[in-house]
Amino acid sequence: MHQYRSVFISDVHLGSADCQAEYLLDFLDNVRCETLYLVGDIIDLIAMQRRVHFPKSHQEVVQRLVRIAADGTRVIYVPGNHDEFLRNFCGQTLAGIQLLHKAVHTTADGRRFVVCHGDQFDQVVRCSPLLLLVGDRAHGLLLRLNRWFNLWRKLRKKPYWSLAAWVKTRIGQAKAFIQRFEMAALTAAERGQYDGYICGHIHSAGFRQGTGGLYCNDGDWVEHCTALVEGFDGSLDILHWSERPHIVESEPQRRRTPVPEWQPLPGQVAARASRH
């Protein structure tokens with residue numbers, strides 16, 4: 001069991017065929033924290049308007065989040081643009097989960113971070129979300145190829161690897177968008193006199209150190225299966241979770257002993273996948 005002070009996840013997109021629900025369930029089974037932030041697009045209401053895809057594994061994710069809240073973990077839900085309808089309930093608590101338009105998180109070492117989905121920066125950077133950079137249809141095709149590609153890898157007993165993410169890192173326009181998005185978030189944090197900004201939205205986990213703050217993106221559970229985690233000393237890491245969970249990036253300017261690659265509990269992911 002892995003213990004953290006805080007965990008941030010976003011862009012799960014429950015209700016869409018591309019949600020990696022089995023990996024997320026395994027993550028929730030093996031990670032414990034004091035505060036869990038759901039940073040938007042947890043449920044993809046836009047995708048469900050076109051076609052409802054809500055299998056048992058997606059239902060189990062919802063049940064697990066409610067159970068986590070009931071067991072004493074503070075769960076904060078900051079809705080995004082794909083679950084925007086839930087913004088109508090911000091300020092309320094539903095099934096033990098607190099809904100907020102935005103949150104302010106104070107780390108163990110005293111830093112204050114704004115926590116918000118990040119879709120408000122689309123207008124600031126004068127560009128559509130990252131997926132629109134390659135076009136809606138092309139992106140959908142890419143995600144379908146990603147599903148088939150990883151099914152083939154699973155049959156060959158190989159761990160998950162995102163073909164879609166690899167392709168998008170080769171697109172120069174996507175890289176430029178990410179940089180503008182990061183700078184917009186850092187500017188917003190500095191204007192509010194915060195130490196940084198934590199968000200999701202663009203399906204690209206990472207850190208960027210600005211002159212006055214730190215940008216943190218927790219990634220997604222469609223292409224990357226990543227979460228932002230805070231240790232009990234206030235340190236921040238990006239954790240990838242599939243067959244071989246491991247830390248993929250640590251916040252800049254922090255010296256820490258390297259963390260070895262973790263191994264999942266025997267047969268957990270495989271056993272879960274076989275049930276669905």
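Here the structure is a predicted model, which means the values were calculated and not measured. Note that these values count all heavy atoms, side chains included, but never hydrogens, waters or copies made by symmetry.
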So, the side chain of [X] versus the backbone of [Y]: is there a donor-acceptor pair under 3.5 Å, distance only?
X: D71; Y: I68; answer: no
X: E230; Y: A108; answer: yes
X: H240; Y: H224; answer: yes
X: N217; Y: G200; answer: yes
X: Q59; Y: F54; answer: yes
X: D220; Y: I202; answer: no
X: H105; Y: A103; answer: no
X: H117; Y: V39; answer: yes
X: Q120; Y: G118; answer: yes
X: H58; Y: L14; answer: no

Specify the closest pair of heavy atoms between [X] and [Y], including all atoms of both residues, with the distance to one decimal.
X: D109; Y: D233; answer: CB-O, 3.8 Å
X: T73; Y: C33; answer: OG1-O, 3.3 Å
X: L228; Y: C216; answer: CD2-CB, 3.9 Å
X: L25; Y: E60; answer: CD1-OE1, 3.4 Å
X: V31; Y: V7; answer: CG1-CG2, 4.0 Å

Mind checking whether [X] and [Y] have side chains closer than 4.5 Å, heavy atoms only?
X: Y37; Y: D218; value: no
X: L94; Y: L99; value: yes
X: L24; Y: R64; value: no
X: I9; Y: F27; value: yes
X: F85; Y: P79; value: no
X: N81; Y: D41; value: yes

Does either side chain, that of [X] or that of [Y], offer a donor lying less than 3.5 Å from an acceptor on the other one?
X: H13; Y: D18; answer: no
X: H201; Y: D119; answer: no
X: D83; Y: Y77; answer: yes

Original post:
With the 4.5 Å side-chain cut-off for hydrophobic clustering, are V222 and I46 part of the same group?
Top reply: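 No: no chain of side-chain contacts under 4.5 Å links V222 to I46.
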Original post:
Should F232 and I238 be counted in the same cluster of Ile, Leu, Val, Met, Phe, Trp and Tyr side chains packed under 4.5 Å apart?
Top reply: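 Per the 4.5 Å side-chain linkage, F232 and I238 are not co-clustered.
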Original post:
Which of parallel (below 30°), tilted (30 to 60°) and perpendicular (above 60°) describes F181 and F121?
Top reply: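 Perpendicular, since the angle between the ring planes exceeds 60°.
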Please round to the nearest 0.5 Å and tell me the distance separating atom [atom1] of [X] and atom [atom2] of [Y].
X: R50; Y: D44; atom1: CZ; atom2: CG; answer: 7.0 Å
X: F8; Y: T35; atom1: CZ; atom2: OG1; answer: 8.0 Å
X: K56; Y: Q63; atom1: NZ; atom2: CD; answer: 9.0 Å
X: L38; Y: S10; atom1: CG; atom2: OG; answer: 9.5 Å
X: S242; Y: E22; atom1: OG; atom2: CD; answer: 12.5 Å
X: T106; Y: R111; atom1: OG1; atom2: CZ; answer: 11.0 Å

Subject >> side chain to side chain contact (heavy atoms under 4.5 Å, CB included) between L236 and L214, worked out >> reply: CA-CA 11 Å; L236 298 170; L214 178 66; 4.2 Å; yes
